[in-house]
Amino acid sequence: MSNFKIEYKPIHPGDILKTEFLNELNISEVDLAKKLNIDQEIIQEICKGKRNISNEIASKLAQFFDISVEFWINLQKQYNSKATEFNKN
């Protein structure tokens with residue numbers, strides 16, 4: 001029996017925001033930023049995986065998409081945990 005284990009790079013919450021929400025609803029990053037009343041660069045960086053989803057942004061996303069704040073916070077926490085583990089290997 002082999003101990004071979006495949007390690008996958010963790011998926012950033014911004015990837016989920018972009019593919020599962022923005023693309024599915026045909027909303028641009030710029031439009032979302034305007035609707036959330038935040039700088040478009042913040043949303044663009046989140047979608048590129050260059051910025052974490054803060055509690056404030058999680059709250060705005062939750063309200064806009066009618067989904068719990070915990071959903072976004074937990075996505076970020078899970079990503080942080082898995083990214084730390086992934087980077088150790």
Side-chain angles (χ1 to χ4, degrees):
M1 191 176 245
S2 173
N3 288 337
F4 184 70
K5 184 178 174 184
I6 297 175
E7 295 278 334
Y8 294 99
K9 184 177 178 185
I11 298 171
H12 190 275
D15 291 331
I16 295 168
L17 172 62
K18 181 146 181 91
T19 59
E20 301 296 325
F21 291 88
L22 298 182
N23 291 350
E24 289 295 318
L25 297 171
N26 200 28
I27 301 171
S28 73
E29 296 168 11
V30 173
D31 287 340
L32 179 63
K34 287 178 184 174
K35 291 176 183 188
L36 299 182
N37 197 29
I38 59 174
D39 188 334
Q40 69 186 32
E41 188 175 316
I42 292 171
I43 293 298
Q44 290 169 333
E45 288 179 351
I46 289 171
C47 288
K48 290 177 184 173
K50 295 182 177 183
R51 181 187 288 252
N52 290 340
I53 295 177
S54 67
N55 290 347
E56 178 185 351
I57 299 298
S59 179
K60 290 182 179 205
L61 290 170
Q63 185 174 14
F64 182 80
F65 291 112
D66 194 27
I67 197 166
S68 73
V69 174
E70 290 79 15
F71 172 80
W72 298 106
I73 292 171
N74 287 335
L75 277 179
Q76 188 63 60
K77 284 182 181 178
Q78 288 177 359
Y79 171 78
N80 292 349
S81 175
K82 291 180 182 193
T84 300
E85 186 177 311
F86 181 80
N87 290 328
K88 283 182 183 178
N89 297 329

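Computed from a predicted structure; not experimentally measured. Numbers for residues simply follow the sequence, beginning at 1. Keep in mind that the numbers below use all heavy atoms, side chains included, and drop hydrogens, waters and symmetry copies.
You'll find the side chain of Ile57 stays beyond 4.5 Å of the side chain of Trp72, heavy atoms only. Contact check for Phe65 versus Leu25: side-chain heavy atoms found under the 4.5 Å cut-off.
Considering every non-hydrogen atom in both Arg51 and His12, the closest pair reads O-CE1, 3.1 Å. In this structure, Phe64 and Lys35 approach most closely via the heavy-atom pair CE1-CD, 3.6 Å. Closest approach of Ile73 to Ala58, counting heavy atoms only: CG1-CB, 3.9 Å. Nearest heavy-atom pair across Ala62 and Ser68 is CB-C, 3.7 Å. The minimum heavy-atom distance between Ala33 and Gln40, with the atom names listed, is CB-CA, 3.4 Å. Considering all non-hydrogen atoms of both residues, Leu61 and Ile67 come closest at O-CG2, 4.5 Å.
Hydrophobic clustering (side-chain heavy atoms under 4.5 Å, transitive across Ile, Leu, Val, Met, Phe, Trp, Tyr) groups Ile16 together with Leu36. Residues Leu22 and Tyr79 do not share a hydrophobic cluster, defined by chaining ILVMFWY side chains whose heavy atoms lie under 4.5 Å apart.
Between the side chain of Asn74 and the backbone N or O of Glu70 there is at least one donor-acceptor pair closer than 3.5 Å. Looking only at distances, no side-chain donor or acceptor of Lys82 sits under 3.5 Å from a matching main-chain atom of Pro10.
Atom CG of Asn37 sits in a sparse spot, with 12 or fewer heavy atoms from other residues, nucleotides or ligands closer than 6.0 Å.
Between the side chains of Asn80 and Gln76, at least one donor N or O lies within less than 3.5 Å of an accepting N or O.
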